[in-house]
Amino acid sequence: MRCHGQGPRVTAAALLCAALAVPTLAEPGLTRKHEAGRCAIRGHCGSQGFFSPQLPCPDNGPAASPDADVRKKLVEICGEQWSDTDVCCKEEQLDALKTNLDRASPIINACPACKANFFNLFCTFTCSPDQSLFINVTETVEKGDKYLVTELDHLVSNDYASGFYDSCKDVKFGATNGKAMDFIGGGAKNYTEFLKFLGDKKFLGSPFQMNFPRPDKADFPGLEPMDKPAHPCNSTDERYRCACLDCSGSCSELPEVSEAKQCYVGLLPCLSFAAILIYSIFLGLLCLLVAGHVAYQKHSKHKNERLRLLQDLEPSDDEDEGDIVHNVSMLDRPTKHYFVNTWCDRAFSRLGYICASFPAITITTSVLVVALMSLGWLRFQIETDPVRLWVAPDSAAAQEKAFFDENFGPFFRAEQAFLVNDTGSEPGPVLSYETLSWWFDVESRILRLKSLQDGVTLDKICFKPVGDDCVVQSVSGYFQGDFANVDPYTWEKDLLSCVDNPTSCLPPFQQPLNPHLLFGGVKDNVLDANALVVTWVVSNHPEGTKELERAMHWEDSMRKELLFIRDEARDRGLRLSFNTEVSLEQELNKSTNTDAKIVVVSYIIMFLYASIALGSTTLTVRSFIRNPFNALVQSKFMLGIVGILIVLMSVSASVGLFSAAGIKVTLIIAEVIPFLVLAVGVDNIFLIVHEFERVNISHPEGTIPERVGRALGRMGPSILLSATTETVAFSLGCAVGMPAVRNFAAYAAGAVFINAILQVTMFVSVLALNQQRVESNRADCFPCVVVPKADSGYLNGGMGHSAGEESGLQRFIRKTYAPAILGKKTKVVILAVFFGIFTAGLALFPKVELGLDQRIAIPSDSYLIPFFNDLYDYFDAGPPVYFVTKELNVTQREQQKELCGRFSTCHQDSLANIIEAERKRPEISHLSASAANWVDDFFLWLNPENSKCCVDKNGEPCFAGRDPPWNITLSGMPEGQEFIEYLSRWIKAPTSEDCPLGGAAAYSDALVINPKALTIPASHFRTSHTPLRSQRDFITAYTSARRIAKSIEKDVGTTVFPYSKFYIFFDQYTSIVRLTGTLLSSALAATLLVTTVLLGSLMTGFIVTLVVGMTVTAIIGSMAVLGVSLNAVSLVNLIICVGISVEFTAHIARAYTFPSRATMEKAPRHRFRGKDARAWTGMVNVASSVISGITVTKILGVGVLAWTRSKIFEIYYFRVWVALVLWASTHALVLLPVLLSIFGGKGYVDPETDGGLEQDLLSRQQYPRLLGGEDEDEDDGYYDDVGRRSFG
């Protein structure tokens, strides 16, 4: 295979063909004499074919002095050192030499040392008078009466060869942002490879074989290697010194980069170490306190025993006291009213009475209001664009993207595929002749593919930087996209040759192919690559344009075609993974549709549980066995249905309200809000129904509206406390600029607030109607049917003979659990354990990762999952990054020096030099390439030595004869209006083999020129990141780019920002930790404020807030253990955790602050007093409701998520909410009562002092075990003989 293509290259042949020989030789022409002043070759003697280049003649004659014109031309080409010496070349030979050196100049002009060494090598080879000392002709062929040189040895000293290679190895070629060595040396890695590339005979390369053997006098007697001094690239001579970009030796020492490093103490982060240290101190102090307390108690006991011996006590006094104070817990009962609670109680009682008195009006009004609010669904829109979801419109990232798109056009669209050979037991080479044949056919089908909607082909929408050829980065490009160029016997050798020298095998779009972009899993060479990577580049357009729509239609057709091709690959034992630009958004929407089933299943399960659990409080097993017909009346299926409907109504009203306001629904809202409102709504339903049943027992004589009013008066303030706290906490999220969080906060706050209003209005009306049905002995679900065999409906407020039965859970809490956790020794253990959990949570904070892997956001069976896996495993290149400048006055010399990098007077801290310095420490900067600097390439284009670049109308180079002349110090470079005029010409100049520095191909979209203002309103400098294989890599790369841009700003004096396509998705992580802290702190502050106001105690409010904070801390620690990273989704969940944690704690805290007198009287006698008694009362009153109505409902709702197909649901919702239920329930039911019993604030009189289940049971004596009978005494041992006589 012969590689065809046009492009900038330097061939040894073109340079060697410049010699002109003496036409007469009587022998084959091998070099016989090796001595100073004698030639080895001279002149051209013809070619071996019609299209073949001229070959030199062997000539071992003496060097000769040229005539004046030849001498002048030689000096112009090779320098003053040739002004007074004999030569072995003539005029026509110099013309050929100049033509070929001119082709090399644009590539190596940036480094004067490299250029001087390059010119010196070939000028010496062509014209040196001592040729025979270092050139030995070894093979000739006869043509007519002449001989043509076909092979020779060229001896170059190791020092010169090494110095020559070192001066050129780092030189950058700005037009491609690649290395000049790729063009002039085939990507050589050392000087022997460099010289071999220059000398190998090949098509469009050297016309004869020129060997560069290592000098050895034994092998080459009489020869002396060419050993002129090679100029180092960091030469002290300003004429030869190269810029930092092209010579690492010219760079100053890199300054220390002050990265934000995490503080460590040994192996532990400082935060973890501090948390553990403080907890250890706390634990030590607690142990000392306990030990001191025990010692004090023993001392007090001995002291009291001694006092008793000295006193004459009257035993009868104790008996008399027992008659007066039957329970010491009542000595410290609250005696004051709290006006806020009293007002709330009366307001809710009145509200409940009115709604229960006029149920039809209340229900109709509620439905109408919800229906009116739901009209907003007409403007319902779902936002699926990730950019609009995760980036605030007024954020820096969004504004920078808008600036980039407006000035340079939207970033191109990329369709990418991986063909991998890993279907066997181990990955193997993917390349074979048969695979290439099939893949060439696949690419041909893609090229001919038409979109179903528009009939558009790739040719109409693809990106075309030069000419009419699409950019397709594929192995097929090495063979010009034509399988006919793939030789079945030599394709492997040909491919390796193309990889080594990409410029010799240019694809149709005429840009060298980077092997790192084409092959993955390479070990020794590309032939053992495990994966092929193919990228089709499609032009992008602004949103809403027809061009963009056509591109998306074609991408959708391509997706369908590649799905078929994937099956073909499987039949061949290969695996194909792919991604189109529209794939991610399509798969995200698919994920939402899948999870909708989970939401429905969760609602059904919640409905069934609510219906059964609500009915079980009045319909016990004993009651059912005694009279099965009671089940038809006492069940509450309809009540459960209404409760679920109210949740749905609140969600519908919230969505309608905010949709009407123009706030779009996001995927998070669609998936989370139903769960959230369901979890909160069902809780309150349980509390209201349970309290209503207690009132039915305590006040059966009251009317239904009165009983409903009493129940709502008692539970309303609790609902107000939790609903207000949740609404405020969620509303705080509206202050966040991130639309996904802000919109969620608005919808969640609205839904929770509306749900609470419907529960205290519509639901209590339905509850009243349900009670009327029960007392009329009508069947549930069929209220028109009377069940005559059921127990009388008027008995015990419609509860029949089951009234007064205590459930097993209530009995366990009252007799066992509450007394156990409030024991003194138990409290110490609980405090130690829970503050240990809190410490562990804090210590795990630094282990929480940032980011959201795209593989998690899509369904687990999506075709994109293998693609993203392959992208991380096999793609060995990083994304491009642009450093963008705004309003740059580069027409002035000082500003030019602040940007350039290839000239000796460029600032040490110029943009180019800063990026180059950062590139050399990729582990910190994540940059892998030097910047493609349009300023440098523009000035190099003006160099008159590049005679084919900037040419005036008269055909002369633009800067020829300019005073001062073009030079490496920038003096004489254009400024002001002249700068703009030349720049406008350069930006339109095509890139060609004669002048690869033209700006049209590489920079046509890199800068915006304002000829009137003499400024550059926008320009960018392109480089690329190192391969990024994890979320951490992406985040640190973005952070580093920001840091580098700020560093550049200091020198340039204008706005500079970095831009890459992925930046906009990772902008949130620069502030998400701070944002999380702010939102959670604000939510906790709101919790403290609301609880303090509604409970009337700062201390109690602080304890509730502390428990909520400890719960959230434990959840964050669990995130680190469960592999849940911090991002916008988990941030939303943490806000939810604050709200629901309040739900767990608020009811217990309120029952503690406003204890039921009837329940408090039954506290274990002589064991609990004051705060202990109130804590016990709170637990007995509402703990069972918290367990059955809050904990169990959430367990059921969250449990359904275990079957979701969506990884984002499984990781960010299921795992987090499991942790929420676990930690919130344990903190509320274990830690909270302990803290309240020790540090709790003051209590107040409950306005409903004569209400409650226990008081009713006491007055009726229907439940002797609550009244201190023998069973109670035997079980608890809390009542003495006097107590039994008093209450028995």
Side-chain angles (χ1 to χ4, degrees), residues 278-279 281-294 296-297 328-329 331-336 338 341 721 725 817-839 841-842 1084-1085 1087-1114 1141-1142 1144-1155 1160 1163 1167-1183 1186 1223-1224 1226-1244:
I278 293 173
Y279 176 68
I281 294 172
F282 164 78
L283 204 59
L285 292 176
L286 187 63
C287 292
L288 289 176
L289 186 63
V290 171
H293 179 72
V294 170
Y296 177 77
Q297 289 292 332
V328 294
S329 65
L331 292 175
D332 301 316
R333 70 179 183 273
T335 57
K336 294 182 179 180
Y338 181 48
N341 184 71
L721 174 59
T725 307
Y817 180 73
I821 65 170
L822 294 175
K824 292 180 179 179
K825 294 180 181 179
T826 310
K827 288 180 183 179
V828 174
V829 174
I830 290 173
L831 289 177
V833 169
F834 276 89
F835 276 94
I837 294 171
F838 176 66
T839 301
L842 282 177
L1084 291 174
T1087 301
L1088 176 62
L1089 177 64
V1090 174
T1091 51
T1092 300
V1093 171
L1094 292 181
L1095 296 180
S1097 170
L1098 176 61
M1099 197 63 202
T1100 303
F1102 175 77
I1103 290 174
V1104 170
T1105 305
L1106 175 64
V1107 171
V1108 172
M1110 293 176 68
T1111 301
V1112 174
T1113 300
S1141 296
V1142 172
F1144 275 91
T1145 57
H1147 307 297
I1148 295 176
R1150 189 176 183 280
Y1152 165 85
T1153 305
F1154 306 99
M1160 193 172 180
R1167 182 172 178 184
F1168 296 138
R1169 291 187 58 176
K1171 295 175 182 178
D1172 283 336
R1174 283 194 282 138
W1176 181 90
T1177 303
M1179 290 295 291
V1180 171
N1181 259 359
V1182 297
V1186 170
W1223 297 123
T1226 52
H1227 279 73
L1229 295 170
V1230 181
L1231 178 63
L1232 178 62
V1234 170
L1235 289 176
L1236 289 173
S1237 69
I1238 300 173
F1239 307 106
K1242 58 185 176 183
Y1244 298 96

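The side-chain hydrogen bond (donor to acceptor under 3.5 Å, both in side chains) analysis of residues 1226-1239, with sequence neighbours excluded, yields the pairs K827-S1237. The salt bridge (Lys or Arg N to Asp or Glu O under 4.0 Å) pairs that include a residue from residues 1090-1114 number zero, where partners must be two or more places apart or lie in different chains.
I837 and A1114 get closest at one heavy-atom pair: CG2-CB, 4.0 Å. Closest non-hydrogen pair, V1182 versus H1147, comes out as CG2-O, 3.7 Å.
A side-chain contact (heavy atoms from CB on, under 4.5 Å) with V1090 is found for one member of V1104, L721, T1105 and no other, namely L721. Of the candidates T1145, L1106, V1108, L1232 forms a side-chain contact (heavy atoms from CB on, under 4.5 Å) with just one, namely T1145.
Listed by chain and number, the residues in a side chain to side chain contact (heavy atoms under 4.5 Å, CB included) with A1085 amount to none (sequence neighbours excluded). The side chain to side chain contact (heavy atoms under 4.5 Å, CB included) search around T1153 returns L1095, T1100, Y1244, not counting sequence neighbours. Residues satisfying the side chain to side chain contact (heavy atoms under 4.5 Å, CB included) criterion with V1230, sequence neighbours excluded, are Y817, I830, F834. With sequence neighbours excluded, the residues forming a side chain to side chain donor-acceptor pair (under 3.5 Å) with W1223 are S1118, listed by chain and number.
Using a 4.5 Å heavy-atom threshold, the side chains of I1148 and M1179 count as touching.
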Worksheet item: Does the pair L1094 and R1150 meet the rule for a side chain to side chain contact (heavy atoms under 4.5 Å, CB included), with working shown?
Response: CA-CA 9 Å; L1094 292 181; R1150 189 176 183 280; over 6 Å; no
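Heavy-atom contacts from other residues, nucleotides or ligands closer than 6.0 Å to CZ of F1102 number 12 or fewer.
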